[in-house]
Asker: 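Would you mind keeping the following structure in view while I ask a few things?
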Protein chains: 2
Amino acid sequence: MTRRTGRRPGKPGTREALLDAARTAFAERGFDAASIRAIAGTAEVDPALVHHYFGSKDQLFLAAMNFPVDPGQLVPKVLAGDRDAVGERLVRTFLGIWDSPVGGAAQALLRSAVSNEWTARLLREFVTTQVLRRVLENLDVDPAELPLRGSLVATQMIGLAMMRHVVRLEPVASADPETLVAMIGPTIQRYLTGPLPS
Amino acid sequence: MTRRTGRRPGKPGTREALLDAARTAFAERGFDAASIRAIAGTAEVDPALVHHYFGSKDQLFLAAMNFPVDPGQLVPKVLAGDRDAVGERLVRTFLGIWDSPVGGAAQALLRSAVSNEWTARLLREFVTTQVLRRVLENLDVDPAELPLRGSLVATQMIGLAMMRHVVRLEPVASADPETLVAMIGPTIQRYLTGPLPS
DNA sequence: GTCTATATGGTGATAGAC
DNA sequence: GTCTATCACCATATAGAC
C-alpha cells in the first residue's frame with residue numbers, strides 16, 4: 001500500500017539501469033556496434049530517454065566508463081610490500097579488477113578502443129597518466145626509461161586482458177588467477193625493474 | 001596506341017584492387033565497420049562488383065585474409081638454432097610479419113576479432129593450430145603443459161601487436177624492433193621452456 | 001517527464017537494363 | 001561483364017504530442 005502523495009519525477013532507477021545496460025552492451029559489442037536502442041531495450045526504457053538524460057551516445061559512454069575504481073587508491077596497495085614482488089601484486093590487482101563488476105567497464109573500454117579512435121585515445125591516456133605513471137614514479141627507476149618500461153608492461157597486461165576476456169583463448173580464459181600471477185608476475189617485474197638493452 | 005581487337009573482359013586488375021582495398025579497410029576499421037561501399041570506392045569499382053566477384057562480405061574477408069604467409073615455412077626458421085634463443089627469434093619473426101605488407105591482413109584479423117565473433121574464432125584457430133601447436137611440438141615440452149604455455153605466449157604477442165599497431169602506445173609503437181626483441185624475447189622464452197607453477 | 005513519429009543517412013544484398 | 005536503381009533494414013537524433 002504505497003501511498004504516493006508527492007510527485008514522482010519518473011522512476012529514479014532509470015538512469016542507473018541505463019548506465020548498467022550501457023556498460024554491458026559496450027563491453028560485449030564495443031562502442032560502434034552497441035546501439036542506443038538495444039541499451040534502452042535491456043534497460044526497459046524508451047530510447048529517446050537516453051538523449052534526454054545524457055545528450056548523446058558519446059556522453060553516455062563517458063558516463064558509463066566513469067566507474068568507481070580509483071587508481072590513486074589502488075596503486076599504493078600494489079606498491080606496498082617488497083619491491084621484488086610488485087610485478088605479482090600488479091597482475092593480481094589487475095586480474096581482480098577484471099573479474100569484479102567493474103570489469104565490465106574495462107572490457108567496454110578495451111573493446112571500443114579497437115574500433116574507435118577517440119575511445120582508443122581515452123584508453124591510452126588512462127593507462128599512461130592514471131596507472132603506469134603512478135606506479136613507476138614510486139619505483140625510483142630512471143625517468144628516461146619510464147615510458148618504455150611502462151608501455152612494455154601495457155603490452156603484457158592488455159594482451160592478458162584481450163586473451164582472457166575478449167578473444168577467450170583457453171586455458172588462459174578460465175585459468176586460476178594465481179597461476180597467471182605466478183607466470184606473468186615475473187614478466188612485469190622484469191619490465192619494471194629489470195635491465196634495459198640500449 | 002594500344003589497339004584492342006580481342007574482347008577485354010573488364011579490367012583484369014579489379015579483383016586484385018578490390019582485395020587490396022578490402023585488406024586496408026578491414027585493417028583500419030575491422031570487419032563490421034568496414035563497408036563494402038567504401039572498399040569499392042577506394043578501389044574505384046562499383047559496389048555491386050564485390051558481390052559479383054566474391055558473393056558476400058564474409059567471403060570477401062576470407063579472400064582478403066588468405067595472405068601469402070605460410071606458417072609451415074616460417075616455423076622451422078624460428079626453431080632453427082639454439083633452443084635458448086627461440087623466444088627472441090619468435091618475437092623477431094612476429095615483428096617482421098607485422099611490419100611487412102602482410103601485416104595489413106594480420107591487423108585486419110586482429111581488429112575484426114574484437115568486434116566479431118566468427119573472426120575471433122578464425123584468429124583463435126589460426127593462432128592455436130597453425131602457429132603455437134607447430135612451435136611447441138618441436139620443443140619437447142610436456143604435452144600437457146602445451147596449451148597453457150601456448151596461450152601465455154599468445155597474451156604477450158597479441159598484446160604487443162595491439163599496443164604497437166592498434167592502440168599505438170608510444171614508445172612501443174615506434175620502437176626499434178631489436179629493442180623489443182631484447183626485452184620481450186626472454187618473456188616468450190620463459191613461457192615456452194621455463195618452469196610452470198602448478 | 002515520457003514517448004510516438006519522423007527526419008536523415010548508411011548498410012548489405014539483389015534484379016535487371018545495357 | 002558492368003552498373004543503375006532499389007529493397008529492406010538499422011542507426012542516431014530530434015520535434016512535438018500527451
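So you know, we letter chains A, B, ... as the sequences are listed, proteins then strands, and number each from 1. This structure is a prediction, so every number in the text was calculated from the model and none was measured. The analysis underlying the following values was restricted to heavy atoms, covering all of them including side chains, and did not include hydrogens, waters or symmetry mates.
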Asker: Taking both distances under 3.5 Å as the test for a Watson-Crick or G-U pair, what stems of at least three pairs does DNA chain C have?
Answerer: C:1-18 with D:1-18
Asker: How close or far is atom C1' of D:dT2 from atom CZ of B:Arg15, stated in whole angstroms?
Answerer: 17 Å
Asker: Any N or O donor-acceptor pair linking the side chain of B:Arg37 to the base of C:dG10 at under 3.5 Å?
Answerer: no
Asker: If you only use heavy atoms from C-beta on, which nucleotide in C:dA13, C:dT4, D:dG1 is closest to the side chain of B:His52?
Answerer: D:dG1
Asker: Is it true that a side-chain atom of A:Thr119 and a backbone atom of A:Ser112 form a donor plus acceptor pair closer than 3.5 Å?
Answerer: yes
Asker: For B:Glu125, is there an ion pair with B:Arg121 - N to carboxylate O distance below 4.0 angstrom?
Answerer: yes
Asker: Compare the minimum distances between each of C:dG12, C:dT2, C:dC3 and the side chain of B:His51, then state the nucleotide with the smallest one.
Answerer: C:dG12
Asker: Taking the nucleotide of DNA chain D with the closest heavy atom to each, which residue, A:Ala33 or A:Gly55, is nearer the 5' end?
Answerer: A:Ala33
Asker: Under a 4.0 Å threshold between the charged nitrogen and the carboxylate oxygen, would B:Asp32 count as salt-bridged to B:Lys57?
Answerer: no
Asker: What nucleotide, of C:dG12, D:dT2, D:dT4, holds the atom closest to the side chain of B:Asp46?
Answerer: D:dT4
Asker: Could you please name the option among C:dA13, D:dA13, D:dC3 that lies closest to any side-chain atom of A:Ser56?
Answerer: D:dA13
Asker: Donor-acceptor check, side chain of B:Thr193 to backbone of B:Arg190, threshold 3.5 angstrom: yes or no?
Answerer: no
Asker: Given D:dA13, D:dT14, C:dG12, identify the nucleotide with an atom nearest to the side chain of B:Ser35.
Answerer: C:dG12
Asker: Is there a donor-acceptor pair under 3.5 Å between the side chain of A:Arg124 and the backbone N or O of B:Val167?
Answerer: yes
Asker: Whole-Å distance between C:dG12 P and B:Phe61 CZ?
Answerer: 14 Å
Asker: Thinking salt bridges, do A:Arg149 and A:Asp142 make one under a 4.0 Å N-O criterion?
Answerer: no
Asker: Please tell me if A:Tyr53 has a side-chain N or O lying less than 4.0 Å from either OP1 or OP2 of C:dT2.
Answerer: yes
Asker: Please report the distance, rounded to the nearest Å, between CG in A:Leu60 and C1' in D:dA11.
Answerer: 15 Å
Asker: Tell me the interatomic distance from B:Asp32, atom CG, to D:dC10, atom P, rounded to whole angstroms.
Answerer: 15 Å
Asker: Roughly how many Å is it from NZ in A:Lys57 to P in D:dT14, rounded to a whole number?
Answerer: 15 Å
Asker: Separation of A:Ile36 atom CD1 from C:dC3 atom P, in whole Å?
Answerer: 16 Å
Asker: Should the pair B:Phe26 and B:Phe61 be assigned to parallel (<30°), tilted (30 to 60°) or perpendicular (>60°) ring geometry?
Answerer: perpendicular
Asker: Students often get this wrong, so: under 4.0 angstrom with heavy atoms, is B:Ala38 touching a base, only sugar-phosphate, or nothing?
Answerer: nothing
